[in-house]
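Heavy atoms only: backbone and side chains are in, while hydrogens, waters and symmetry mates are out.
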Amino acid sequence: MKKSVVGFPRIGKERELKFASEKYFKGEINESYLEGVAAKLREYGLKKQQEAGIDFISSNDFSFYDNVLDTAVLFNIIPDRYKELGLNKLETYFAMARGYQGEKGNAKALAMKKWFNTNYHYLVPEIDDSTEVKLSSDKPVAEYKEARALGIETKVAVVGPFTFLKLAKFTGEKGITDFKDSFIGEYSKLIEELRSAGAKWIEFDEPYIVRDLETSDIELFKEIYTALLSVKGDTKLLLQTYFGDIRDIYDTVMGLGFDGIGLDFTEGRKTAELVASKGFPKGILLFAGLVNGKNIWRNNYAKTLDILKGLKKENEVVISTSCSLLHVPYSLESETKLGEDYTKHFAFAEEKLIELKEIAYLSDLYDSSNVSAEDAFKKNQALFVNGRVNSRDDEVLKRVADIKDEDYTRLPDFYEREKLQKSILRLPEFPTTTIGSFPQTADVRKNRQAFRKGEISSEQYTEFNKNKIRECIKLQEEIGLDVIVHGEFERNDMVEYFGENLEGYVFTEKAWVQSYGSRCVKPPIIWGDVSRKQPITVEWSKYAKSCTDKPVKGMLTGPVTILNWSFPREDISIRESTLQIALAIRDEVLDLEANGINIIQIDEAALREKLPLRRSDWYSQYLDWAIPAFRLVHSKVKPETQIHTHMCYSEFTDIIPAIDAMDADVITFEASRSDLQILDYLRANNFKTEVGPGVYDIHSPRVPSVEEIVAALKKMLDKIDKKKLWVNPDCGLKTRGIKETKESLINLVKAAKIIREQNEGK
C-alpha cells in the first residue's frame with residue numbers, strides 16, 4: 001500500500017522561519033538570507049518524508065506566510081494599494097500580509113480569517129472589477145524542480161480554484177461568475193507549466209466542498225474541473241479534500257475523471273458511509289485520510305486496519321493523512337522532559353510518517369497473516385488496552401454530573417444588569433479599553449525564562465512583574481484609557497498559562513504550531529479530567545487594582561477557547577471536557593469578584609472556529625453545549641459585575657443570535673480587517689449586548705491615524721446605539737512594540753474624545 005502526506009509543517013523544529021522572518025522585517029537580514037533559511041526547511045521536510053518511505057510527498061506546501069496568499073500572488077490578485085507602494089515582490093507579499101507604513105506609503109493588510117475549523121489563519125484575497133487574473137509567479141514550478149534536484153519526486157500541492165474563489169472577497173460589482181473563465185484559463189496554464197517541468201501529479205486542495213453547497217456551487221465546481229481535466233494530458237490530478245465529508249457533491253466528484261481523490265475519514269462523519277453505499281470509481285486512487293492531521297494522539301491501528309480492509313476489497317487505496325500536518329508539531333524528539341508514560345501516546349508530524357509506514361505494512365499483511373503477532377501492532381494496541389495513567393478524577397466527574405439547568409442562567413436579565421452597571425461604573429460614553437495583553441518585550445520573556453530555569457527566585461520573578469504592571473497602568477492612565485488592564489506579563493500564552501495552572505494538562509517544550517505568519521503557539525495537551533488547583537490570576541488583578549483608582553478588568557480565557565486551542569482528549573466527548581474546564585474557570589471568576597474585581601473579561605476567541613462546517617450540525621454537534629458552557633462560567637456572579645468577552649478573526653455574521661445568547665454584558669471582536677461588515681448583522685438581529693468592534697488592526701505594525709479611527713467610529717454609530725459602543729483595538733497587544741502601541745492607543749483615545757464631543761447631547 002502506498003502512502004501520502006497532504007502537507008508538512010514549515011516553521012522549522014526550532015521555529016527557524018519565524019525568527020528569520022522577524023529579522024527580515026526589522027532589516028537585520030536580507031531577502032537572500034531569508035530565502036536560504038526557507039530552502040533548508042523545505043529540504044528538511046522533503047527528506048524526512050523520503051526517509052519514511054512516503055510515496056506521495058507534496059511540494060509547494062511551503063509558505064513564508066500563508067498558502068492562500070501565495071495563490072493570490074501566483075495569479076496576480078494584488079490590490080492596487082500594494083502595487084502603488086513600488087515595493088519588490090517579497091516586500092509586496094509581506095505588505096499584503098502585515099500592512100505597510102513607511103516612506104513609500106500606507107496600506108492596510110488583507111483581512112485575516114480562520115482556516116475552516118482550525119486555529120490556522122489565512123489571508124482573504126481581494127478581487128476588484130479591474131483585477132487582471134494572470135499566472136505571474138513560478139513558485140509551484142520552482143519548488144517542484146527544487147525537490148526533484150534533491151532526488152525527490154513530488155505531487156505539487158495547489159489551493160484549488162473553487163476554494164480560492166469561494167474564500168475571496170469581491171470588492172466591486174463583479175463576482176465569481178465574471179472571473180471564473182479567467183481563473184480556469186490561468187489554472188490551465190499552471191497545469192501546462194507543471195507538465196512541461198515533468199510533474200507527474202498535481203494536488204488541488206478543495207476543502208470548501210466539505211461545506212454545505214448550493215446547486216450553483218456544484219455546477220461551478222463541475223465547470224471548473226471539466227475544463228482543467230481536459231488539459232491535464234498525462235499529468236495526473238488529485239482532488240484533495242479535508243475537514244469533513246463531501247456528501248453534497250459526491251456523485252459529481254466521482255464522475256469527473258480525477259486520477260486520485262482524497263477523502264477525510266477522520267472528520268468526515270459520512271465519508272465511510274458514502275463510499276460504502278455509493279461506491280468509488282474503478283481505476284481511480286482513493287487517498288484515504290485515516291491518520292489524523294489535526295490531533296496528536298496515536299492512531300489506533302486495529303480500527304484503521306479494519307476500515308482499510310473494507311476499502312481495499314473494491315478499491316486501490318493510498319493511506320494518507322486526513323489533512324496537512326501543518327496543524328501538529330514537528331517531532332517528539334524535541335521533548336526531553338515528558339516521560340514515556342506520556343509520549344508513547346503521542347504522534348507529532350514525524351511520528352505520523354512512521355504511523356503511515358507501519359499501517360501500510362500491516363495492511364499488506366492483513367489478509368495473508370496474523371498482524372496481531374507483529375511488534376508494531378502489539379505495541380500500538382497496548383496503548384489502547386492499558387489506557388492512560390491518572391486520567392480520571394471522581395470529584396470532577398461528580399461536579400459535572402451535578403450541574404443543573406439553572407446553573408446556565410444568569411439573573412437578573414441583561415437590561416436590568418446594564419442599567420445597574422452603568423450607574424455603578426459611571427464610565428463615559430464610548431468607554432475606551434484594550435483587549436488585555438500589552439507588549440511582551442525581551443525583558444519580560446527573559447524574566448519568565450529565568451524563573452522557569454530556576455535562575456531567579458519566585459520573589460524576584462513576582463517583583464519584576466509587579467513593576468511591569470505598575471508601569472503598564474501608569475502608561476494607560478497617561479494615555480487616558482477608561483478601563484485598565486494589568487498587561488498579562490506573567491502569561492506565556494492565553495491558553496497555555498491557564499493549562500499550567502489546571503489539573504489534567506501536560507505540556508511540551510518545543511511543540512510549536514503555526515497560527516499565522518511568524519506567530520506560533522504551543523498548544524497544551526488535555527491529558528485527564530480538568531480542575532483548578534488554586535486561584536490563578538487573583539493576586540495579579542488585586543495588585544493592579546491597588547495601583548489605580550480606575551476600574552481594572554480581570555482577564556481570563558474561556559472554556560471553549562481553552563479546549564479549542566489545546567490538543568483535546570479523544571477518550572471522552574468534547575462537551576464533557578469543556579464543562580470540566582468551565583467549572584474550573586467559574587471558580588476563578590467568583591474569586592476575582594470576591595476580591596473586588598467588578599469587570600471580568602472571559603475571552604472566547606476561538607468559539608467560532610470549531611463550529612461544524614455544515615449548518616445542520618451547528619446546534620446538535622456544537623452550539624447546544626458550547627454556549628451553555630460559557631454561561632456556566634459567569635452565571636453565579638452578582639448583577640453589578642460586568643462580564644466581557646472577546647472573539648477574533650472568524651466569521652461571526654451567521655451566528656449572531658448564538659453570540660447574543662452567551663449573555664455577556666460586553667463583547668469585543670475583530671472588525672478592522674473586515675471593514676466592519678458585521679455591523680449590519682448586529683442591527684438586523686437586534687443584538688442586545690454592548691459591543692466594541694476593533695477600530696484598528698493589532699496584527700499589523702502600522703499606527704492608525706486619529707482620522708481613520710474617527711471614521712470607523714462614525715460608521716459604527718450608523719448601526720450601533722451610542723450607549724452600547726465601546727472603543728478598543730481588535731485584539732491583544734502582546735506581539736506589538738511599545739512605541740507603536742502607545743502611539744496607536746493615544747490616537748484611539750483622541751478619536752473617542754472627538755466622537756464624545758460630536759455626540760454630546762444627541
Side-chain angles (χ1 to χ4, degrees), residues 117 119 393 395-405 407-410 436 491 493-505 521 523-538 554-570 572-593 600-612 618-619 621-637 641 643-648 650 655 658-659 661-665 667-669:
N117 56 1
N119 186 29
D393 184 319
E395 185 176 341
V396 173
L397 298 181
K398 184 177 186 307
R399 286 194 78 187
V400 172
D402 288 346
I403 296 172
K404 300 178 176 60
D405 288 345
D407 293 328
Y408 297 114
T409 303
R410 186 180 177 195
R491 305 184 192 185
D493 175 83
M494 65 181 291
V495 171
E496 187 176 18
Y497 173 74
F498 283 92
E500 287 174 342
N501 288 279
L502 295 171
E503 298 285 357
Y505 272 86
V521 294
I525 300 166
I526 304 179
W527 175 266
D529 295 324
V530 177
S531 61
R532 190 187 69 150
K533 314 171 193 174
Q534 58 194 13
I536 303 169
T537 68
V538 174
M555 302 302 305
L556 305 174
T557 303
V560 180
T561 294
I562 291 177
L563 186 285
N564 285 343
W565 285 355
S566 302
F567 288 119
R569 297 169 66 172
E570 292 184 336
I572 66 172
S573 71
I574 297 295
R575 175 186 180 276
E576 181 181 353
S577 199
T578 306
L579 290 177
Q580 292 178 6
I581 300 168
L583 289 171
I585 300 302
R586 183 175 75 173
D587 293 342
E588 187 71 13
V589 168
L590 295 176
D591 276 348
L592 282 169
E593 183 184 61
I600 303 172
Q601 182 170 307
I602 308 164
D603 286 339
E604 284 293 13
L607 177 76
R608 175 61 172 79
E609 72 184 39
K610 293 299 183 183
L611 191 72
W618 283 2
Y619 281 90
Q621 301 293 318
Y622 186 67
L623 292 176
D624 63 341
W625 57 261
I627 300 300
F630 180 83
R631 293 203 303 260
L632 179 64
V633 172
H634 69 80
S635 64
K636 299 302 181 184
V637 300
T641 297
I643 297 296
H644 291 224
T645 190
H646 173 71
M647 298 180 185
C648 59
S650 289
I655 60 164
I659 294 173
M662 294 169 72
D663 203 24
D665 299 304
I667 178 171
T668 55
F669 49 81

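- Side-chain contact of E496 with W565: a donor-acceptor pair under 3.5 Å is absent, judged by distance alone.
- L611 places a side-chain heavy atom less than 4.5 Å from the side chain of W618.
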Practice item. With side-chain contact (heavy atoms from CB on, under 4.5 Å) as the test, would you mind laying out the steps for L590 and K636 before giving the verdict? Key: CA-CA 8 Å; L590 295 176; K636 299 302 181 184; 4.0 Å; yes
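- By the 4.0 Å N-to-carboxylate-O rule, R532 lies too far from E503 to be salt-bridged with it.
- Across all their heavy atoms, I581 and P559 have their closest contact at CG2-CA, 3.7 Å.
- Contact record, V633 with R586: O-CG, 3.4 Å, taken as the closest heavy-atom pair.
- Between V396 and S531, the shortest heavy-atom contact is CG2-CB, 3.7 Å.
- Salt bridge D587/K533: absent, no basic N to carboxylate O contact under 4.0 Å.
- I574 contributes atom CD1, which lies 8.0 Å from atom CD1 of I572 (distance to the nearest 0.5 angstrom).
- Of the N and O atoms on the side chains of Y505 and S566, at least one donor lies less than 3.5 Å from an acceptor on the other residue.
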Practice item. Would you check, one step at a time, whether the test side-chain contact (heavy atoms from CB on, under 4.5 Å) holds for L556 with Q601? Key: CA-CA 6 Å; L556 305 174; Q601 182 170 307; over 6 Å; no
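- Taking the side chain as every heavy atom from C-beta outward, I602 and H644 never approach each other to under 4.5 Å.
- The residues R575 and D624 are annotated as not salt-bridged, no charged nitrogen and carboxylate oxygen being separated by less than 4.0 angstrom.
- Shown are K398, K404, R399; of these, the salt bridge (charged side-chain N to carboxylate O under 4.0 Å, His left out) with D402 is made only by K398.
- The two residues R569 and G528 come nearest to each other via the heavy atoms NH1-C, 3.0 Å.
- Here the CE atom belonging to M662 is positioned 8.5 Å from the CD1 atom belonging to I655, to the nearest 0.5 angstrom.
- Considering only heavy atoms from C-beta on, T557 stays 4.5 Å or farther from Y497 through its side chain.
- Nearest approach of T578 to W625, heavy atoms of both residues: OG1-CZ3, 3.3 Å.
- Remark: the T645 side chain and the E604 side chain contain no N/O donor-acceptor pair separated by less than 3.5 Å.
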